[in-house]
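Both backbone and side-chain heavy atoms feed into the values below; hydrogens, waters and symmetry mates do not. None of these values were measured; they are calculated from a predicted model. One is the number of the first residue; the rest follow in order along the sequence.
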Amino acid sequence: MNKLLDLISEEMKKAFEASGYDRELGKVTLSNRPDLCEYQCNGAMAGAKLYKKAPIMIAGDVAEHCKDSDVFSSVEAVAPGFLNLKVKESFVTAYLLQMCREEKFGLDMPEHPSRIIVDYGGPNVAKPLHVGHLRSGVIGESIKRIARYAGHEVIGDIHLGDWGLQMGLIITELKERQPELVYFDENYQGEYPQDAPFTISELEEIYPTASSKSKEDAAYKERAMDATFKLQSGVRGYRALWDHIIRVSVADLKKNYQNLNVEFDLWKGESDVHDVIPGMVEYMKKEGYAYISEGALVVDVKEETDTKEIPPCMILKSDGASLYNTTDLATIMERMREYHPDRMIYLTDKRQELYFEQVFRCARKTKLVEPETELLHIGFGTMNGKDGKPFKTREGGVMRLETLIQEINDEMYRKITDNRQVDEEEARQTAKVVALSAIKYGDLSNQASKDYIFDIDKFTSFEGDTGPYILYTIVRIKSILNKIREQGGKIEGNVLREADSDSEKALMLQLTGFNAMMATAYAETAPHKICAYIYELANAFNRFYHETKIVTEENEEKKSGWVALLLLTRDVLETCIDVLGFSAPERM
Ligand code: ARG
């Protein structure tokens, strides 16, 4: 379905043409002065030079040719040569009626859908999720959903950190504590036990202990490196322990991500490409891409046009060990082989920008991907506390994600139950749903690359540019619809009418922008555009609501048109928040 702005522009272009001017001058944009008009066209200004004529004269000619338009209710030429435009109510209503009939409210589906892999989350096993993991999960989930809604085939991969020294450290610490475990008996031939010799809480304590020991004790670190080596070379007992670590940790991660409404299609990790690394390295050497530099195996990735120094991409360390780079490159190779994606999108902290630049260049140069395969890194900014420094606990430590979520849930519960008699169970449930909107909207409403301040008071407020405000608006619509239903009014089968008031028209106009907004959000991988849109939509709805007595309206036709408008507004809002990765309760 055409975008509304394109239809309006087309009408304006016709008027330019009919007045004897270049039709391309007729491009229309949203108004900079909503107090004066709804849309504007600056083509007469641009035409002044071309036609050696005062812009106001050109604008006057064009306005004259818009007199019989089905689109414009008013076209004003104003000094020095702007065209201020208002559209007809009938035009807006016709557009919305079609939007209701179309699938996805008139968002065009791609002729050739892309296959996209989104690599996000990226937690490390055996380490609890902390606030630093929030953004990758939240933004990645939304980008995945936007692409899916836009009609593409999208695969979300968590890309677990499950293979490096951290695993060796855990195994080493376990051996210190329980040397008698059968996993450490080299002569053991039988089956290993089904149950892990540790719980998730133990595991989460073991890792930091091992990590700090290794920093102080060189021999301990040596043992951990040896354990890592043994694990990677396939020693049975170590593999069995590793399986336990993964299983226990992944079960916990699943629970945590579920609480965030984040779902991965693939739970692959760095370990999955271990076996393909030797072949990849061989290939890079054989083709002459990789060479030895100071003992290490590297691929040059600098380009002539570089303005800053881009160091070579290291493939193997001088001791032959693989690196973070190596697994990412091998993963790209595997993804191409298994899924042949058109695009791969990575979400990490923006401090990894240079790193991904190197990896992507290396993947292109060594032809692990095809020339048209798109590789995109979205680097996000830091989540800061109110002091402007990276978010910490009150004691100054790293805050666990679970703790953060719990704090917001509690705050939301307090707000919901404040001065009210409510069912405890229902209030807890509602608090959870609203809290998630507070966290996610607070994050997503910022451009991803920017740092932002995680401000609990602001994010959980029911007023302003927040998740709870959006949910509150949706719940308000639902409650009006319920009242009408209780009165015996019908909800289905109503038809939109022409707007009766300015606020109603403004709401309708905001609704017409859905397809254009969603197309942009996909093209620019920009969830914040959806937030900005629904914030405006919620504002437009609330203005209309405050000026209109919907439930008590006696004119049945009017009321029926409003019910249809309410339903469309609710559906568009709910579609948008679903794409952002949260939902609205029935009541709150
Ligand atoms: N596990 C990594 C970390 O904690 C993040 C992984 C990001 N994804 C990737 N393909 N490198 O830093």
Side-chain angles (χ1 to χ4, degrees), residues 120-142 156 158-162 166 170 196 198-211 245-264 267 269 347-349 380 382-386 389-416 424-425 427-444 452-457 459-460 467-468 580-583 585:
Y120 68 112
N124 299 315
V125 300
K127 291 194 217 171
L129 289 177
H130 57 78
V131 293
H133 293 106
L134 185 67
R135 299 208 75 190
S136 183
V138 168
I139 304 170
E141 180 70 18
S142 177
I158 188 166
H159 198 73
L160 290 171
D162 61 356
Q166 68 200 23
I170 295 168
F198 44 74
T199 63
I200 182 69
S201 338
E202 283 164 333
L203 204 51
E204 287 179 351
E205 175 266 318
I206 289 173
Y207 175 73
T209 308
S211 173
I245 301 172
I246 299 294
R247 230 174 302 127
V248 168
S249 180
V250 163
D252 185 64
L253 286 171
K254 285 203 166 148
K255 188 188 83 197
N256 277 290
Y257 278 114
Q258 197 173 11
N259 281 332
L260 273 176
N261 207 5
V262 169
E263 286 161 22
F264 300 96
W267 282 77
L347 282 121
T348 74
D349 190 300
F380 47 78
T382 311
M383 168 174 156
N384 288 325
K386 272 189 176 169
K389 300 205 182 94
F391 196 89
K392 290 267 154 64
T393 58
R394 265 180 227 101
E395 294 72 37
V398 177
M399 188 182 265
R400 288 179 70 134
L401 198 49
E402 255 181 307
T403 316
L404 178 83
I405 296 175
Q406 193 55 49
E407 276 188 18
I408 313 280
N409 283 354
D410 291 346
E411 173 64 15
M412 230 47 252
Y413 178 77
R414 206 185 52 68
K415 284 199 170 155
I416 287 175
E424 152 99 33
E425 182 57 26
R428 284 268 168 224
Q429 208 40 49
T430 307
K432 235 176 112 171
V433 174
V434 185
L436 191 61
S437 81
I439 297 173
K440 287 197 165 185
Y441 190 95
D443 186 312
L444 295 170
Y452 77 102
I453 292 186
F454 193 90
D455 180 340
I456 299 190
D457 295 331
F459 288 4
T460 58
L580 292 173
F582 56 92
S583 59

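Note that CG of Asn259 and NZ of Lys254 are 14.5 Å apart. Values are rounded to the nearest 0.5 Å. To the nearest 0.5 Å, the span separating CD1 on Ile416 from CD on Gln429 amounts to 10.5 Å. The CD atom of Glu425 lies 9.5 Å from the OG1 atom of Thr430; values are rounded to the nearest 0.5 Å. From Asn261, atom CG reaches atom OG of Ser142 across 11.5 Å, with rounding to the nearest 0.5 Å. In this structure, CG on Leu404 lies 5.5 Å from CD1 on Ile439, to the nearest 0.5 angstrom. To the nearest 0.5 Å, atom OH of residue Tyr413 and atom CD of residue Glu424 are 3.5 Å apart.
Heavy-atom contacts from other residues, nucleotides or ligands closer than 6.0 Å to NZ of Lys415 number more than 12.
Residue Leu160 comes nearest to Trp267 through the heavy atom pair CD1-O, 4.2 Å, listed as atom of the first residue, atom of the second, then distance. Between Leu260 and Lys440, the shortest heavy-atom distance links the atoms O-NZ, 2.7 Å. Taking every heavy atom of both residues into account, Leu436 and Gly581 meet most closely at CD2-O, 4.2 Å. Looking at every heavy atom in both residues, Ser249 comes nearest to Ile200 through CA-CD1, 4.0 Å. Nearest heavy atom pair, residue Gly161 against residue Gln166, reads O-NE2, 2.6 Å. Contact detail for Leu134 and Met383: the closest heavy-atom pair is CD2-SD, 3.8 Å.
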Report task. Start with the C-alpha distance between Glu402 and Leu129, add both sets of side-chain angles, then the distance that settles side-chain contact (heavy atoms from CB on, under 4.5 Å), and finish with yes or no. Result -> CA-CA 8 Å; Glu402 255 181 307; Leu129 289 177; over 6 Å; no
Report task. Before giving the answer on side-chain contact (heavy atoms from CB on, under 4.5 Å), spell out for Asn384 and Phe454 the whole-Å C-alpha distance, their side-chain angles and the decisive distance to 0.1 Å. Result -> CA-CA 6 Å; Asn384 288 325; Phe454 193 90; over 6 Å; no
Requested in this report: Starting from the C-alpha separation in whole Å, work towards a yes-or-no answer on side-chain contact (heavy atoms from CB on, under 4.5 Å) for Ile245 and Ile170.
Outcome: CA-CA 9 Å; Ile245 301 172; Ile170 295 168; 3.7 Å; yes
Requested in this report: Evaluate side-chain contact (heavy atoms from CB on, under 4.5 Å) for Tyr207 paired with Asn124, printing each intermediate quantity in order.
Outcome: CA-CA 11 Å; Tyr207 175 73; Asn124 299 315; over 6 Å; no
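Contacts classified as salt bridge (charged side-chain N to carboxylate O under 4.0 Å, His left out) and involving residues 126-140 (residues at least two apart or in different chains) are given here: Arg135-Asp443.
With sequence neighbours left out, the side chain to side chain contact (heavy atoms under 4.5 Å, CB included) criterion links Asp410 to Gln406, Arg428.
The backbone N or O of Ile456 lies less than 3.5 Å from no partner atom in the side chain of Lys386, so there is not a single donor-acceptor pair. A donor-acceptor pair is defined here as one N or O able to donate and one able to accept, closer than 3.5 Å; no such pair exists between the side chain of Thr460 and the backbone of Met412. Between the side chain of Ser437 and the backbone N or O of Val434, at least one donor-acceptor pair lies under 3.5 Å. Checked by atom type and distance alone, the side chain of Glu202 pairs as donor or acceptor with a backbone atom of Thr199 at under 3.5 Å.
Side chains of Leu401 and Pro128 form no contact here, defined as non-hydrogen atoms less than 4.5 Å apart. Side-chain contact between Tyr120 and Val262: present, with at least one pair of heavy atoms (C-beta onward) separated by less than 4.5 Å.
Aromatic ring orientation, His130 versus His133: tilted (interplanar angle from 30° to 60°). Between Phe582 and Tyr441, the two ring planes are perpendicular [angle over 60°; tilted spans 30° to 60°].
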